Amino acid sequence: MTSNQNPISAIDMLTSALRSNIIPNQEYLLQGSVIDSSAEVLHNRLRGLCDAAETGPETFHDHEMCFSLKASSPGGTPQQQQSFLLRVRRALDHPEYPWQLRYLGQPELGEKNQPTVLRSCIDIACTPNVVEFLSELGCRIEFEYVLKGYLFRKGRMKVTMSKIFRMGQAKSPDSLEAMTGSYLVELSLLAPSGQDAVADEIKVFAEQLRPLVHLEKIDYRRLQSYS
């Protein structure tokens, strides 16, 4: 059977899905930290609160690279150029896994009573030559690091405890130096646009982790002003 209609392209299908708000492209986020000496207590608390308490959390050992691409607006000066940040991550403990390309938009703090940070987030599975591809596009690597830690799940929510390591001069994942004496703790949830009610769900769960860890909205603009 033939059809006179043009086939629907993948771009058309993706655009339609985005307009219908069925793709989870918004990340609701709270962040905090816990010192190494208290990490085990928080780990046990999360294990009891989250799903799969009997089997325990997933572990990860990842290498992440952050790339930037300058995009100038018409008539804009070099100082007014906007940087797009792209992150590439690969699993060192599972080299057979696909690499991950992630776009993160500018964090939005919103009103004071907004429970979480909100930012656009798009994840794409890709092949190892993504680094070469980004370089050919004109992207520049800004920094890279290695993360080791634990991933907990609670329904749609995700909690990670990450130890961040600086790579040595040889840029080898085997030559690592811990950057801090603490773990980065992130509580996040991916949802389609317009589902802001999930931010309250995240806030309620974050309260259950106090006083072991205080998860808060982080104002990245203030951090940049201190650098």
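Note that the structure is a prediction, hence the values are computed from the model and not measured.
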If you take all heavy atoms of [X] and [Y], which pair is closest and at what distance?
{"X": "Leu101", "Y": "Val88", "result": "CD1-CG2, 3.9 Å"}
{"X": "Ser182", "Y": "Ser33", "result": "OG-CB, 4.3 Å"}
{"X": "Gly155", "Y": "Asp51", "result": "N-OD2, 2.8 Å"}

Counting only heavy atoms not in [X], do more than 12 fall under 6.0 Å of its [atom1]?
{"X": "Glu96", "atom1": "CD", "value": "yes"}
{"X": "Phe143", "atom1": "CZ", "value": "yes"}
{"X": "Arg166", "atom1": "CZ", "value": "yes"}
{"X": "Glu207", "atom1": "CD", "value": "yes"}

If hydrophobic clusters are built by linking Ile, Leu, Val, Met, Phe, Trp and Tyr wherever their side-chain heavy atoms come under 4.5 Å apart, do [X] and [Y] end up in the same one?
{"X": "Val198", "Y": "Leu187", "result": "yes"}
{"X": "Val41", "Y": "Val213", "result": "yes"}
{"X": "Leu134", "Y": "Phe84", "result": "yes"}
{"X": "Met161", "Y": "Leu215", "result": "yes"}
{"X": "Met65", "Y": "Leu137", "result": "yes"}

Checklist entry - Would you call Arg89-Asp62 a salt bridge at under 4.0 Å N-O? => result yes

Item to check | Sidechain N-carboxylate O distance under 4.0 Å for Asp93, Lys148 | outcome: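 Looking at Asp93 and Lys148, the cut-off is not met.
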
Checklist entry - Would Val34 and Leu212 count as a side chain to side chain contact (heavy atoms under 4.5 Å, CB included) if you check the C-alpha gap in whole Å, the side-chain angles of each, and the deciding distance to 0.1 Å? => result CA-CA 7 Å; Val34 59; Leu212 299 178; over 6 Å; no

Spacing of [atom1] belonging to [X] relative to [atom2] belonging to [Y], to within rounding of 0.5 Å:
{"X": "Leu118", "Y": "Gln106", "atom1": "CG", "atom2": "CD", "answer": "12.5 Å"}
{"X": "Leu147", "Y": "Lys163", "atom1": "CG", "atom2": "NZ", "answer": "11.5 Å"}
{"X": "Leu189", "Y": "Phe205", "atom1": "CG", "atom2": "CZ", "answer": "11.5 Å"}
{"X": "Asp123", "Y": "Leu104", "atom1": "CG", "atom2": "CG", "answer": "7.5 Å"}
{"X": "Gln26", "Y": "Glu108", "atom1": "CD", "atom2": "CD", "answer": "7.0 Å"}
{"X": "Lys154", "Y": "Leu46", "atom1": "NZ", "atom2": "CG", "answer": "11.0 Å"}

Using a 4.5 Å cut-off on heavy atoms from C-beta on, say whether the side chain of [Y] contacts that of [X].
{"X": "Arg90", "Y": "Leu92", "answer": "yes"}
{"X": "Glu64", "Y": "Arg102", "answer": "no"}
{"X": "Leu86", "Y": "Leu69", "answer": "no"}
{"X": "Cys66", "Y": "Tyr145", "answer": "no"}
{"X": "Leu85", "Y": "Ser68", "answer": "yes"}
{"X": "Pro57", "Y": "Leu151", "answer": "no"}
{"X": "Tyr28", "Y": "Met157", "answer": "no"}
{"X": "Leu190", "Y": "Cys121", "answer": "yes"}

Checklist entry - Could you walk me through whether Leu49 and Leu209 pass the side chain to side chain contact (heavy atoms under 4.5 Å, CB included) check? => result CA-CA 9 Å; Leu49 290 174; Leu209 300 179; 3.7 Å; yes

Kindly say whether [Y] contributes a backbone atom to a donor-acceptor pair with the side chain of [X] at under 3.5 angstrom?
{"X": "Arg47", "Y": "Ala52", "result": "no"}
{"X": "Ser162", "Y": "Ile164", "result": "no"}
{"X": "Arg87", "Y": "Gln100", "result": "no"}

Item to check | Test side-chain contact (heavy atoms from CB on, under 4.5 Å) applied to Ile35 - qualifying residues, sequence neighbours left out | outcome: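 Ile35 satisfies side-chain contact (heavy atoms from CB on, under 4.5 Å) with Ser37, Ser38 once adjacent residues are dropped.
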
Checklist entry - Passes side chain to side chain contact (heavy atoms under 4.5 Å, CB included), Thr116 versus Leu29? Steps please. => result CA-CA 6 Å; Thr116 71; Leu29 176 70; 5.8 Å; no

Checklist entry - Given Glu27 and Glu186, is the side chain to side chain contact (heavy atoms under 4.5 Å, CB included) satisfied, shown in steps? => result CA-CA 12 Å; Glu27 183 180 46; Glu186 295 182 303; over 6 Å; no

Next on the checklist: Show every ring-ring contact (aromatic ring centres under 6.0 Å, His included) that has at least one partner inside residues 86-123, sequence neighbours left out.
Outcome noted: His94-Tyr97

Item to check | Side-chain donor-acceptor contact under 3.5 Å, Arg210 with His214 | outcome: yes

